[in-house]
Amino acid sequence: MRFAPAPTGYLHLGSARTALFNWLAARSVGGTFLLRVEDTDLERSKPELIDVIYRALEWLGLDWDEDPIRQSSRIDAHQEAVDGLLAAGLAYWSDPVPESDRERTGGKAWDIADRDRGLGPGEGRAVRFRVDADALGVTEVGWDDAIRGPISFALANIEDFVIRRADGSPTFFIANAVDDAHMAVTDVIRGEDLINVTPKYLLLRQGLGLDASALRFAHLPLIVNEQRKKLSKRRDDVSLLDYRDRGYLSEAMVNYLALLGWGPPGGEEVCFDPLGVFPEVFRIGDVNDSSAFFDTQKLKFVNGEHIRHLGAAHFAERSRPFFESEPWSDRYHDETFALIAGEVQTRVETLAEVPGYVDFLFLADPEIDERSWDKAMVPEAAGWLDAVIDGVAEWPWQSSELYERTMALAETLGASRKKFQAPVRVAVTGRSVGPPLFESMAILGRDECLRRLGTARARLSDGTATTEPSGP
RNA sequence: GCCCCCAUCGUCCAGCGGCCUAGGACGCCUCCCUUUCAAGGAGGUAACACGGGUUCGAAUCCCGUUGGGGGUGCCA
């Protein structure tokens, strides 16, 4: 099996899924997983672009078996194949037809009459493969797709296609056919969007006398967006590594990507070791044939499950990069975070959400969310805060004590527990949602809590609470 | 236009002729738990696109219709 991406500067989600399924197929049958970089376009052979692919695959944990092949390094073999086809009369030189002259070609940019002109190499002239039922001795090309069953095309519907550009470079069609044979690829697993190039590929292999008898094809369903369209660079988030930067774990990505078009038998969708477990049960023929919507809601759920499964140390370690971009990153401490990390872990779906849950621990002053403030600071809040401030000043400094005593206070004052804790929470953390309040206060310390409660209480006295714009 | 592929809850996956009054998961809703929000637990909502066949029997097989998608490059 092989994965053959073109270097575009990022690894596309769909490509990542194709790579994964190739990898799974290979690992499930003890086969070989090879990489071939399709850089026949000279602009696409920049080393840094290729490196991105390796880094993305490594992030996913997909290992390959031999040194990757650069298609650009195989140009001689491709040229040789083109020459062979030319010599056998299965290919011919073709001139471009200018826009103004396309009436005679039925609007086509090339002229089928070139087939018999016996043209030689020349300026602007490309080589086309001759899709000719008589010459090839067939009227149909087809194959038995591992996922879709029999697929066939009438030769009459396939046009003569370019195998060598005017600039001398081989095209994807010929390079593909030649290199797959060279690499002894037995299973071609790729996206559904390549179904229609398969007949060309088959014809070329036949024309070149390359054995294709052992070849198996499997065309994966496309991954689509909410509009049911193929994921596009323009309007969808298609770069795999961007998901890493948004706080998704690689195991979760692998897990979710595998669920697009396939499901582990038994229905246990969330798998904490997909790379270890899935190869045992994966069969390429089980992949289904209709397109799959890339559902970030479910991705988030899967990611959340994987985050919760992380050990405390791992969670902290993998969260760390996400603190670096915070304005308070220089005040961050591992030790402080470790005290609350477990509580954060059950509340986030992506690692990127982590800083938002603990910023108040590291900020000199909590950033007050005005909506939370307005909601929490009911008319009784001033009195409640006064009572809490008195208590906080002398209560034993333990979260359990703070909890018990605050709740007792709420009861004494005839307030509901929920409403009573809200002003305290906003005063101390700036928000109405967050990790458990009393643990947070215990970590912050008595003096700091008193200071923040005092600040909030003072603001209430100003009477400008609901009209004052938020600070810088 | 032409060629090709696809069609089960809103979404993903099961189902490969009887076990289906269609199952699981995400989402959504309700309840429980509860210092907020989560997590967790218990329920609920919701689908075989349509029409013809084949068959004792069809979500499952065949044909057609409709709908969706992909391709139609001297990109890959």
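Residue numbers start from 1 in every chain, and the chains themselves are labelled A, B, ... in the order their sequence lines are given, proteins ahead of strands.
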Closest of U35(B), A76(B), C12(B) to the Phe172(A) side chain is A76(B)
*asked:* Does Glu268(A) contact G24(B) through a side-chain donor or acceptor facing the base, at a distance under 3.5 Å?
replied: no
Looking at every strand, decide which applies to Pro265(A) at a 4.0 Å heavy-atom threshold: base, sugar-phosphate, or nothing. nothing
Of A7(B), A38(B), C2(B), the nucleotide closest to the side chain of Ser290(A) is A7(B)
- Relative to Phe315(A), does Arg318(A) satisfy both conditions: NZ or CZ under 6.0 angstrom from the six-membered ring centre, and within 45 degrees of the ring's axis? no
Only residue of Asp180(A), Asp187(A), Asn22(A) satisfying side-chain hydrogen bond (donor to acceptor under 3.5 Å, both in side chains) with Arg2(A) is Asp180(A)
Using the P atom as the point on both nucleotides, what is the distance between C48(B) and U60(B), in whole Å?
12 Å
### Message
Using the ring centroid of each side chain, check whether Phe21(A) and Phe282(A) are separated by less than 6.0 Å.
### Response
yes
| request: Rounded to whole angstrom, note down the P distance from C26(B) over to G18(B). | output: 29 Å
Taking only the P atom of each, what is the distance from G53(B) to G41(B) in whole angstrom? 49 Å
Asn225(A) atom CG is separated from G69(B) atom C1', nearest whole Å, by 11 Å
Separation of G40(B) atom P from Ile307(A) atom CD1, nearest Å, is 13 Å
Atom CG of Leu453(A) and atom P of U35(B) are separated, to the nearest Å, by 19 Å
Atom CG of Asp295(A) and atom P of G10(B) are separated, to the nearest Å, by 14 Å
| message | Can you tell me if Arg228(A) touches the phosphate of C12(B), counting only side-chain N or O atoms and a distance under 4.0 Å to OP1 or OP2? | response | yes
*Compute the ring centroids of Tyr201(A) and Phe173(A), then answer whether they are less than 6.0 Å apart.*
no
Minimal heavy-atom distance between Val424(A) and Val388(A), with the atoms involved, is CG2-CG2, 3.9 Å
Closest to the 5' end of RNA chain B, once Gln71(A) and Ile147(A) are matched to their nearest nucleotides, is Ile147(A)
Relative to the ring of Tyr248(A), is the ring of Tyr243(A) parallel (under 30°), tilted (30 to 60°) or perpendicular (over 60°)?
tilted
Notebook entry, point to check: Taking atom P in both U11(B) and G69(B), what distance in whole Å separates the two?
Noted result: 14 Å
Plane angle bin for His219(A) and Phe217(A) - parallel if under 30°, tilted between 30 and 60°, otherwise perpendicular
parallel
Interatomic distance at P, C13(B) relative to A7(B), whole Å: 11 Å
task = Return yes if some donor-acceptor pair links the side-chain N/O of Arg347(A) with the main-chain N/O of Glu343(A) below 3.5 Å, else return no.
result = yes
- Item | Lys300(A) side chain near G27(B) phosphate (N/O to OP1/OP2, under 4.0 Å) | no
Re U55(B): Watson-Crick or G-U wobble partner, both distances kept under 3.5 Å, found to be none
Under a 3.5 Å limit on both distances, the Watson-Crick or wobble mate of C75(B) is none
note: Met377(A), atom CE; U36(B), atom P; distance rounded to Å ~ 17 Å
Answer for the Watson-Crick or wobble partner of G23(B), both distances under 3.5 Å, is C13(B)
Checking A76(B), G40(B), A25(B) against the side chain of Glu269(A) (C-beta onward), the nearest is A25(B)
I'd like to know if Arg425(A) reaches the base of U35(B) with its side chain such that a donor and an acceptor end up less than 3.5 angstrom apart. yes
task = Taking only the side-chain nitrogens and oxygens of Asn288(A), find out if one of them lies under 4.0 Å from OP1 or OP2 of C13(B).
result = yes
>> Test your reading of the model: is there a side-chain donor-acceptor pair from Glu251(A) to the backbone of His306(A), 3.5 Å cut-off?
In response: no
So for Arg347(A) and C37(B), does any side-chain atom that can act as donor or acceptor lie under 3.5 Å from a complementary atom in the base? yes
Open item on the list: Measuring only the P atom in each nucleotide, how far is U8(B) from C3(B)? A whole number of Å is fine.
Closed with: 25 Å
Compute both the distance and the angle, then confirm whether Arg36(A) meets the cation-pi test with Phe172(A): under 6.0 Å from the six-membered ring centre, within 45 degrees of the axis.
no
Side-chain contact check for Gln297(A): nearest option of C26(B), C12(B), C5(B) is C26(B)
Expressed in whole Å, how much space separates the P atoms belonging to A25(B) and A49(B)?
23 Å
Numerically ordered, the residues 188-205 of chain A set in heavy-atom contact under 4.0 Å with RNA chain B is Glu192(A), Asp193(A), Leu194(A), Ile195(A), Asn196(A), Val197(A)
Arg102(A) CZ to G73(B) P, in whole Å, measures 10 Å
Scanning all shown strands, the Watson-Crick or wobble mate of A46(B) with both distances under 3.5 Å is none
| said: Does G69(B) have OP1 or OP2 under 4.0 Å away from a side-chain N or O of Lys229(A)? | reply: yes
* Go through Asp160(A) and Asp132(A) one step at a time and tell me if the side chain to side chain contact (heavy atoms under 4.5 Å, CB included) criterion holds. => CA-CA 8 Å; Asp160(A) 293 357; Asp132(A) 180 349; over 6 Å; no
Ile151(A) has its side chain closest, among U35(B), C5(B), C74(B), to C5(B)
inquiry  = Any side-chain N or O of Lys230(A) below 4.0 angstrom from OP1/OP2 of G71(B)?
reply    = yes
Paired to G40(B) by Watson-Crick or G-U wobble criteria (both distances under 3.5 Å) is C32(B)
Between CZ of Phe217(A) and P of C4(B) the distance, given in whole Å, is 17 Å
>> I'd like the C1' distance from C28(B) over to U34(B), given in whole Å.
In response: 22 Å
Between CD of Glu353(A) and P of A39(B) the distance, given in whole Å, is 11 Å
Practice item. Taking only the side-chain nitrogens and oxygens of Arg128(A), find out if one of them lies under 4.0 Å from OP1 or OP2 of C74(B). Key: yes
The nucleotide from C37(B), C75(B), C3(B) with an atom nearest the side chain of Arg165(A) is C75(B)
